[in-house]
Structures are given as structure tokens and as C-alpha cells.
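Encoded as C-alpha cells, the structure appears first; notes follow it.
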Amino acid sequence: MNLYKFVSNSLNKKLGFVANLEIPKNREFGDFSTNAAMVMAKSAGKNPREFAGELLPKISELNFVSDASIAGPGFINIKLKNDFIWESVNQKSDIKNQNPYIIDMDYGAYNVAKSLHIGHLRTSIVGDTLNRIAKFLGHKTISYNHIGDWGRPMGLVIAYIESLHPDWPFFQDNFDLKKIKPEDYKISAAELDNYYPAASARGKEDEDFLNHAREITAKLQNGHAGYNAIYDIFLKVSLDMMDSIIKKLNMMPFDKTLGERNASQNLANLEKILNDKKLLEDSEGAKIVNIRRETDTEPMPPFMFYNSRGADTYEATDLAAILYRKTNDNPDKIWYLTDSRQQLHFKQVFRVAEMLDLYPIENLEHLYFGTINGPGGQPFKTRDGNVAGLTDIIEMVNNAVRARITESEKNLDDKTVEAIALAALKFNDLIHDVKSDYTFDPASVTSFEGRTGPYILYTAVRLNSVLKKSDTKIKNKSMVDITSDERNLLVGILDFERTVQGAFDNRATDILANYAYDLCQLINTFYHNCPILHEDVKADIRAQRLYIAKIAFNTLSSVISLMGLNIPDKM
RNA sequence: GCGCCCAUAGCUCAGCUGGAUAGAGCAUCAGAUUUCUAAUCUGCAGGUCAGAGGUUCGAAUCCUCUUGGGCGCACCA
């Protein structure tokens, strides 16, 4: 059950007004506290401590309160009965939302023909965890990998392939898809990986090449058979690479992988809607929507639908995607996870979506996050100076885990190594405030001590090991005698549902990750101070502790699973 | 120029309800294993919450200004 919610509701009902309920930072003050007396003293014309004295008897009457007292300037501290805590642990969950939302979640946004780099880490990991949290609370989510698959990079890559294989049929005037076997023209993932950087570099120094790429982009978008055929070949290679990363990161598969290419099919339709509403204007050869408002104090450039060369824009395809989602999913909300540099872009798109009565702006949320920097404060780079690739980073952490295992003379299989490494990588991302930039420090990500993913997994593994060794059937018996370590752990467990709800409400995975760490600290203290299977532990105490260990493990497992991690058998 | 974000311990970060003595981890130092996994636990030390003013019974948190940093401001996605 959600202990906070229960206590808060009971307290409000008893007092007849909504009292602010807090969990004191210093736990010696009690399980909960309220500053209601201080908040209300002024309007009541009373001294806070005196007013608190009037509220105190009512609070003490609540049947789950063992002690309530006035402290400091007028806080009322509340301590719960041990029996109540013990029984609460068995109360059924009320976490499923009775009025669930349909939420379209747009994260990932991988690019065709460009390998994933560190910039894709947050959108993937945070997006996946928010998706899991939303589902856990009973909401219906539809995840979209809105892939970058239709712009100039495609033209550049095709132009580059043409320069390598000018004799391939895709580039001949008489190209006929029926006369070739696409499987004869192989492009490996490793080759494709090099094409875009090479093409991009060449485009910068070779104007003719760039113009040719632009021409190819336009022709590709207009249905040129040869370009579309070669595109389909490397699109497949790219989609396979994306799938492999999604599996490596233990993400849920995307419900839909539809990008700009798909959205662009809606553009003619969208253009008609914009024209019907008389929103589209010509400006310097481009077609735009003026979204500026009188009240704007910030720069608000127009929303560009077609650029002056007639090409589809980023804004146009994102707006078309909203139309697509409205038509196909009719979600209550659409969430976008991208980095903070795209705030203005989404503000523009959302304004036009509102002008078209697709969605009010409050139902379109841009959950932006900061950039990941290297230890120098600069964007994180590999040794060769390139933006670090995601596979390289995963490999780096894998190697560090292997080194650690060798050092401690353990023997763990590859699957376990990968699970531990993934925990290190993902937990490090989840625990940072989503909106802030953060420093990706390889030394600390691969240290595995303290507040890290491996610590979380280790706690679960060790606890589970005790549960597995126990040959008695674990049941909830009556409470015998409870130590403060056991009590603290139970109270921590009872904060789980509030935490998940809070993480959802704030769209903040760090709330969940910090809870995971706090819970593990409580578990480890309990584990250390409260022996379970030792011979000198009395049977009834053992039964009680086994039960606590079991529900602690269950709760921790839920948290670990929400973070998209797996618990190894041993480590 | 206009706008958004940020500044907390040596380092990396919490403090997302304005509350009580500002908390963790790492690093340093001192301890704990005949004991269910030491990737653990316990303890010491470490602070002008960038600076100044204001609101409040109470400010790291809200407001104003200053300083320093990051990012964005139509044809790249």
C-alpha cells in the first residue's frame, strides 16, 4: 500500500482540513510530521505551538499512531505503531490508476545510417524507464522510435555509395528493380557506419558533391526507383543495428518505428488543413506559419512548413507525426524526450498543433534533458576524438566489470558480466536529474562501489541468496519483536508506491533511482545487523526476518525491473 | 540583443511540499569477516549553498539585481 497516502488521507479526515504531511529528514523525529499548526497559526490568530497543542489530541486518537508530539517551532511529529506497519506491508496495492491515460511516447529518435552515440543514451534509457513506470501505473503507452530517415543525410550516404560503386544498377538511367537481386548488393554494418561521416566530411569541402546529394535527396523523396532501392538496402542494415542496441540496453521494443518518411506521407493532407485555416503564408520562398504572439518576449521565429527549396522540414514532419498519432492512437498525451536544445522547436510545433485544434499545449510535453559531458566539461569523446559510440561505451563498461571479476577471483559468465555492466551504465543515467547536464566520468561509472547500479544488483543477489538457502516456507506470521533496522526497512518498503507515482508525476527517473539506492542501504543495514539463518537465531525471529527479507526482495525486484535491469543469480 | 537552463564538501551529485542540525557517493583516514556473498557494513573529517538585497515565523528552495558558465534564436535534423 501507499503508506503516505493512507496516513495523509486519515489525518485530513480526522482534522477536517488538508494538512501538509512531510517525511522528516531526520528520522528520529518520527515517521511523519506536519507543519499544519505553523501554516495555519497566523490566520487562526494563535501561537503555533499553542495551536499545535489543540490539534495534538485528535492526531493521537488515530488508531495507527503510537506517539504524537510537538517539537521545535510547532511541528507535530507522528510515530506509527509497529503492529500497524507490520500489517500495512500485507495490504494490497492500490497503485493502478483508475482513469488511465493513453500516452504516445516519442523517444530514441535514432538515425538511419548513423550509428548510435552517447547522445542517444538518455532518450533511450530515461524513455524506456518512464514507459515502464507509466505501464506499471496502469496507463496505456505507445512508444515511437521516430527515426531520422528522410533528410539530407540520406542523400549524402547515397551519393557516397554511388562514388564507391558507380557501376551499381541503382545509379543507372535504365534501373529496373525487377531485374536485380537486392541481396547481391551487400553493405555491412561496419561499412555503413563509415559512410555518413565520410560523406558529410566530403560534402563540406566539395560543393559539387553536396549539390549532387541535395539532388538525390529531392529525387529520393519524389520516388526515384534506384535511390529508393539502395535506400531500402541500407535502411534494413540500420534497423538491424538499432534492434541490436535496443536488446543490448535491455529496452522494451518500440511499439512503432516510424520516422520522417512515414510522417511525410501526411504532408499534403496537412498542407490542405493549414490552407483551409488560412495559416500558411509565403515568406522568402518558403511556406511558413506565423506563430508569434503579442505577448512573446522571447524570439519566436515562424514555423517553417516547406523551405525555400520546397523540401520537407523537421517541423513539418513532427507536426505530421502528431496528426498521424491523433488519427491512429488518439492519445491523451504525447511525450517527447529529446535534449534541451530542441525546446524552441517543440514550442513551435506545439503552437501550430494547438492552432489546428489537434491538441491543447498542456497535453504535448517536451521532456528535455541536458547533455552528457566528459570529465573536462566538454562533450564526451573517445580517445580518437570522436563522439563516443554507444557500443564502445557498453564495451568499455563490460571490460571494467570483467577486470573487477578477475581481480576478485570470481567466476561469472558473460551474461552476468553484461547484466552488471548494464546496471552500471543505466543506473548512472537514471539517477541524474533529467533536466541537468551531467558529467559522464568513466572512472566513476566503472567503479562499482557505493551509489551505483552494481550496488543495487549486489544487494538483491545477496538477499535472494538467503531466501534460496532457507528451506522453510516463508509466510507472514505475527510480528514477534522488531529492531529499528527491521522497522526502518519496512517503512522504506511502504514508500514504494508513493515513489513510483512521484516519478511519474514529475517525469523524473532520478526519484526512482534514488529510492532504489535508499532501499538498498536499508536492506544492507538490515542484512548486516539482523542475522536470519544462523543457528542461534530463534525460530520465530527467523520467520519474521525471512518474511521481511522476502518482501524487501520483491519490492527491490520491482524497482530493478522498472529501471530495465535484470538480477543475476550470483555476483 | 532577446530567451531558457545552471552555480551546494577536494571531485561527482541529492535536497522535485519553503521547515528542525544542508545530505549521499567517490577520494583520504580509522575500524568490522570462526557469522546468511566485503561489489558490504560502522565511524572520523570535509560547507560563506557564486555574491548582494528582499518576501516570510522560517529561504539552498520564492522575488530582484550582480558575477560566472551552458544552450537556443527560419531553410541541418
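Convention: sequence-line order gives letters A, B, ...; per-chain numbering from 1.
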Hey, is the side chain of N524(A) pairing donor to acceptor with the base of A38(B) inside 3.5 Å?
no

Canonical and wobble pairing (Watson-Crick, G-U, under 3.5 Å) of RNA chain B, dot-bracket with |:
(((((((..((((.....[...))))..((((.......))))......(((((..]....))))))))))))....

Can you tell me if Y517(A) is stacked onto the base of A24(B), using a 5.5 Å centroid cut-off and an angle below 30°?
no

Find the distance N514(A):CG to G25(B):P and express it as a whole number of Å.
12 Å

How close or far is atom P of U34(B) from atom CG of D536(A), stated in whole angstroms?
14 Å

If I pick the C1' atom on G72(B) and the same atom on A77(B), what distance separates them, to the nearest angstrom?
15 Å

Result of checking L457(A), T525(A), T459(A) against C520(A) for side chain to side chain contact (heavy atoms under 4.5 Å, CB included)
T459(A)

Salt bridge flag under 4.0 Å for residues R351(A) and D296(A):
yes

Between Y455(A) and C41(B), is there a side-chain N or O to OP1/OP2 distance below 4.0 Å?
yes

From L116(A) atom CG to T123(A) atom OG1, the distance as rounded to the nearest 0.5 Å:
10.0 Å

Using a 4.0 Å heavy-atom cut-off, does D485(A) contact any base of the nucleic acid, only the sugar-phosphate backbone, or nothing at all?
nothing

Under 3.5 Å, is there a donor-acceptor pair linking the side chains of Y438(A) and D429(A)?
yes

Give me the distance, rounded to whole Å, that separates C36(B) from U17(B) when you measure between the C1' atoms they each carry.
41 Å

Looking at every strand, decide which applies to C530(A) at a 4.0 Å heavy-atom threshold: base, sugar-phosphate, or nothing.
base

L367(A) atom CG is separated from C4(B) atom C1', nearest whole Å, by 16 Å

Hey, which of these two, A71(A) or V461(A), hits RNA chain B nearer its 5' end, going by closest nucleotide?
A71(A)

RNA chain B contacts among residues 422-430 of chain A, heavy-atom distance under 4.0 Å:
none

Whole-Å distance separating the CG atom of L412(A) from the P atom of U37(B)
14 Å

Say you pick atom P in C65(B) and the same atom in A27(B); how far apart are they, in whole Å?
43 Å

Cationic N near anionic O, under 4.0 Å, R292(A) to E298(A)
no

When the P atoms of A7(B) and C13(B) are compared, how many Å lie between them, rounded to an integer?
11 Å

Mind calculating the distance between CD1 (I431(A)) and C1' (C16(B)) to the nearest angstrom?
14 Å

Heavy atoms, side chains only, cut-off 4.5 Å: are F448(A) and Y455(A) in contact?
no

Going by the rule ring pair (Phe, Tyr, Trp, His ring centres under 6.0 Å), which residues pair with F369(A) if we only count those two or more places apart in sequence or in a different chain?
none

Please state whether the base of U17(B) and the side chain of N20(A) form at least one donor-acceptor pair under 3.5 Å?
yes

Would you mind telling me which of C36(B), A39(B), A20(B) lies closest to the side-chain atoms of P24(A)?
A20(B)

Under a 4.0 Å heavy-atom criterion, the protein footprint on nucleotides 69-76 of chain B, written with B, S and -, is -SSBBBBS

Of F448(A) and N111(A), the one whose closest RNA chain B nucleotide lies more 5'
F448(A)

Below 4.0 angstrom from OP1 or OP2 of A39(B), is there any side-chain N or O of K410(A)?
yes

Side-chain (N488(A)) to main-chain (S484(A)) donor-acceptor, under 3.5 angstrom
yes

Where along residues 495-503 of chain A does a heavy atom come under 4.0 Å from RNA chain B, residue by residue in number order?
none

Any carboxylate oxygen within less than 4.0 angstrom of a Lys/Arg side-chain nitrogen, looking at D413(A) and K415(A)?
no

What nucleotide among A14(B), A39(B), G19(B) has an atom nearest to a side-chain atom of D433(A)?
A14(B)

Take the angle between the ring planes of F346(A) and Y336(A) and call it parallel below 30°, perpendicular above 60°, tilted in between.
tilted

Rounded to whole angstroms, how far apart are CD1 on I567(A) and P on A39(B)?
18 Å

Which residue pairs pass the salt bridge (charged side-chain N to carboxylate O under 4.0 Å, His left out) test with at least one member in residues 522-550 of chain A, sequence neighbours excluded?
E486(A)-R545(A)

Looking only at non-hydrogen atoms, find the nearest pair between A424(A) and V397(A) and report the distance.
CB-CG1, 4.0 Å

Flag yes if more than 12 heavy atoms outside K435(A) fall under 6.0 Å of its NZ atom; otherwise flag no.
yes

H345(A) and Y314(A) aromatic ring geometry - parallel, tilted or perpendicular at 30°/60° bounds
parallel

For nucleotides A39(B) and C26(B), find the distance between their P atoms and express it as a whole number of Å.
13 Å

Between A38(B) and U33(B), how many Å separate the two C1' atoms, rounded to a whole number?
7 Å

Tell me, yes or no, whether the heavy-atom count around R341(A) atom CZ, taken from other residues, nucleotides or ligands under 6.0 Å, exceeds 12.
no

Tell me the interatomic distance from F504(A), atom CZ, to C16(B), atom C1', rounded to whole angstroms.
16 Å

N/O (side chain, Y458(A)) to phosphate O (OP1/OP2, A39(B)) under 4.0 Å:
yes

Can a donor-acceptor pair under 3.5 Å be found between the side-chain atoms of Y4(A) and the base atoms of U17(B)?
yes

Expressed as a whole number of angstroms, how long is the span from K468(A):NZ to U37(B):P?
10 Å

Hey, does L156(A) reach any base, or is it just sugar-phosphate, or nothing, if we go heavy atoms under 4.0 Å?
nothing

Indicate the ring-plane relationship of F209(A) and Y160(A), choosing parallel, tilted or perpendicular according to the 30° and 60° boundaries.
perpendicular

